[in-house]
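Position 1 is the first residue of the sequence, and the numbers go up from there.
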Amino acid sequence: MVSKEVEKLLLKVQKPGRYVGGELNEVIKDKKDVDVRFAFCFPDTYEVGMSHLGMKILYSLFNKVPYIWCERVFAPWIDMEDLMLENNIPLYALESGDPLTDFDFIGFTLQYELSFTNMLNMLKLANIPIKTEDRKELKNIVCAGGPCACNPEPIADFVDLFFIGEGEEVDLEVIELYRKCRNENKSKQEFLELAAQIEGVYVPSLYEVTYNDDGTIKAFTPKGNAPSVIHKRIMLEMDNVYYPDNFVVPNIEIVHDRAVQEIFRGCIRGCRFCQAGFIYRPVREKSPDTINAQCKALCANTGYDEVSLSSLSSSDYSQIVPLLEKLTEWSKDEKVSISLPSLRVDGFTDEIMNRIKTVRKSGLTFAPEAGSQRMRDVINKNVMEDELLKTCTTAFEGGWTTVKLYFMIGLPTETFEDCAAIAELGQKVVDAYYNCPSKQKGKSVKVTVSASCFVPKPFTPFQWEPQDTAQMFVDKQNHIKDTIKTRKIQFNYHDSSTSYLEAVFARGDRRLCKAMEIACERGFHFDGWGDCFDLQKWLDIFEECGIDPTFYANRRRDFDEILPWDHIDYGVTKKYLLKECQKAYENTTTPHCRLKCNNCGAAKYGRGVCFEKRENMV
């Protein structure tokens, strides 16, 4: 419900539908009946945020509690932000139109590091002090979760508390504690000290960091009763985890405009560059019956005619074929298509292909990640070239003519020969099409080869590795371009400057907070968007603050160095990550979790595929 002041601005902006609310299935409550108000903030545009599954789950979960009203807030695009500033309109929530200052909690989901400036800019637009020390009262509690919370240190000065791990239980526990503390007239400090005792809650202000002369961390010391290690929260019984039976249906087209159904959490594979593959361990699946019932309910309540089965690797769902059989029993008659994103090269079978033929054949996407077998062994991808070519042939025989291949450059130990192998693999896929006897007549193949820049991330075996310099990335990109010999291959690659800043933030410490504060004062926002990103402006701020960004991005860390996130436990031990890093240097692979329990540490949760495997071995 927008105000008249906002209404006057809508004809002056590019997409008014971003700012008005009023969508099908939004939740409106009477403020008189509500005890706690939670502003769920996504630090990006409406189209990006409305596609995010975590927001859909927690929005519905919070609003199931009678005394909580959760509302959505998105970052206004530049045109709307300028008008809001000109007209003194503070950032507001879509459901009520109320400013963020009216809310008890202001919660951010942090999906990527370059959204940090949007988080701060949104607080600034709401006229809320960005630093936690300047917010004295027990209100406007700024909290954050999501994958980027696994290294919270670069934004530690701004967030009152972080949710570590999965939020369905811990978020509600903190909200209930807040309600109790407010009724007992406790201070914000008292609330934060009590919140820190809840497993999965990290309160940065309750810890002191000291540094060595060389800039590395000397010690990380908790104050008072704050725990020395913060353990992630995890939902173990997926069939019993809350899942909404409807979503807010957006007013305008969004990035992923379809129903989304989560089929499992975690990943069995252990690709050494992949943060999600480690921080979400162990793998926990929903049953086919649960997934089927939830898909049916979602389509009935939203009107969507496509369901995307969401996971880190859909073909690794142990009952994928029985699940697809159940889904097609009703989806075919109701003209609902089932899409399987995140398919592995070695998981695309004839059976799966025949089940998803109802999906528009817009193209298939696979991620070999590296061109040469040596590099695929280094990163533990466990995919062979002949498997990729066989899979592409299967797809071509099934009528597909477009294939996208995702790669990464700058991986540890990579050579120019490994980069050239990316182009050569693309050529082999083109050749596989023309060697396919049952290919579509009169149609040519299109192979898109995309190469992103490797960013070393916390809680991965490559967390100690340096990132390539900008010039190294450019040289490797040019080498791939020069190796491509056909117009059937389209080569896409990323500007390395955003990846550089991402690496600085991903492995940064608290000393970056000063740079973040100055960036906010100077109006930095949408760093993940080419329209707004300017690396030179960041380099100027780093110089002003006496920060050397190469210290975070391009430096190899010693294995015994204290890392900024070492006080946080995501279940996988540092010892295991170190062992995997050393195996990468030897080009040695590790079997996936269903073949062998590799003692990563996640079996301690007592559930999931690794625990089951270990039980069977005893």
Quick one: are [X] and [Y] in side-chain contact, heavy atoms under 4.5 Å?
X	Y	answer
Lys232	Ile164	yes
Val241	Arg284	no
Asp316	Phe264	yes
Trp69	Asn63	yes
Leu120	Phe108	no
Glu71	Phe62	no
Ile547	Val504	no
Glu95	Lys29	no

Interatomic distance, [X] atom [atom1] to [Y] atom [atom2] [nearest 0.5 angstrom]:
X	Y	atom1	atom2	result
Ile291	Glu262	CD1	CD	9.0 Å
Gln111	His52	CD	NE2	3.5 Å
Tyr570	Phe278	OH	CZ	15.0 Å

| request: Determine, for Tyr59 and Arg72, whether the Lys NZ or Arg CZ falls below 6.0 Å from the six-membered ring centre while staying within 45 degrees of the axis. | output: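 The answer is yes, since Arg72 meets both limits relative to Tyr59.
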Answer yes or no: is there a donor N or O on one side and an acceptor on the other, between the side chain of [X] and the main chain of [Y], under 3.5 Å?
X	Y	answer
Glu176	Leu172	no
Arg233	Glu199	yes
Arg281	Gly277	yes
Asn25	Phe247	yes
Asn292	Pro288	no
Asp79	Val13	no
Tyr304	Val249	no
Lys188	Arg135	yes
Asn87	Ile89	no
Asn301	Asp245	yes

State, to 0.1 Å, how close [X] and [Y] come at their nearest heavy-atom pair, and which atoms those are.
X	Y	result
Pro154	Phe116	CB-CE1, 4.3 Å
Leu298	Val260	CD1-O, 3.4 Å
Ile320	Ser314	CD1-O, 3.9 Å
Leu100	Cys41	CD2-SG, 4.1 Å
Val6	Tyr92	CG1-OH, 3.3 Å
Phe163	Ala149	O-CB, 4.0 Å

| request: Scan side-chain atoms only and decide if Asp289 and Ser287 contain a donor-acceptor pair under the 3.5 Å cut-off. | output: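 Looking only at side-chain atoms, Ser287 and Asp289 do not form any donor-acceptor pair under 3.5 Å.
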| request: Using distance alone, with no hydrogens and no angle criterion, decide if Glu306 and Ser339 have a side-chain donor and acceptor under 3.5 Å apart. | output: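 There is such a pair between these side chains.
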| said: Does Glu137, at its CD atom, have more than 12 non-hydrogen atoms belonging to other residues, nucleotides or ligands within less than 6.0 Å? | reply: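 Open: at most 12 neighbouring heavy atoms sit under 6.0 Å from CD of Glu137.
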| request: Check the surroundings of atom CG in Asn225: do more than 12 heavy atoms from other residues, nucleotides or ligands lie under 6.0 Å from it? | output: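 For Asn225, atom CG is not crowded (no more than 12 foreign heavy atoms under 6.0 Å).
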| field | Partner set under ring pair (Phe, Tyr, Trp, His ring centres under 6.0 Å) for Tyr207, not counting sequence neighbours | value |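 Listed in chain order: Tyr202, Phe220.
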| said: Using side-chain contact (heavy atoms from CB on, under 4.5 Å), reason through Leu309 and Ile338 one step at a time and then give a plain yes or no. | reply: CA-CA 7 Å; Leu309 301 181; Ile338 308 298; 3.9 Å; yes
Using a strict threshold of under 4.0 Å (side-chain N to carboxylate O), is an ion pair present between [Y] and [X]?
X	Y	result
Glu334	Lys296	no
Glu153	Arg510	yes
Lys223	Glu208	no
Lys457	Glu113	yes
Arg179	Asp104	no

| field | Ring geometry between Phe38 and Phe40 (parallel below 30°, tilted from 30 to 60°, perpendicular above 60°) | value |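 Rings of Phe40 and Phe38: tilted, as their planes differ by 30° to 60°.
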| query | Taking the six-membered ring for Trp, are Trp538 and Phe524 ring centroids under 6.0 Å apart? | reply |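 Ring centres of Phe524 and Trp538 closer than 6.0 Å.
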| query | Less than 6.0 Å separating the ring centroids of Phe74 and Tyr46? | reply |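 When the ring centroids of Phe74 and Tyr46 are compared, they turn out to be within the sub-6.0 Å range.
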| field | Full working for salt bridge (Lys or Arg N to Asp or Glu O under 4.0 Å) between Asp102 and Lys31 | value | CA-CA 11 Å; Asp102 287 2; Lys31 282 182 246 185; 5.6 Å; no
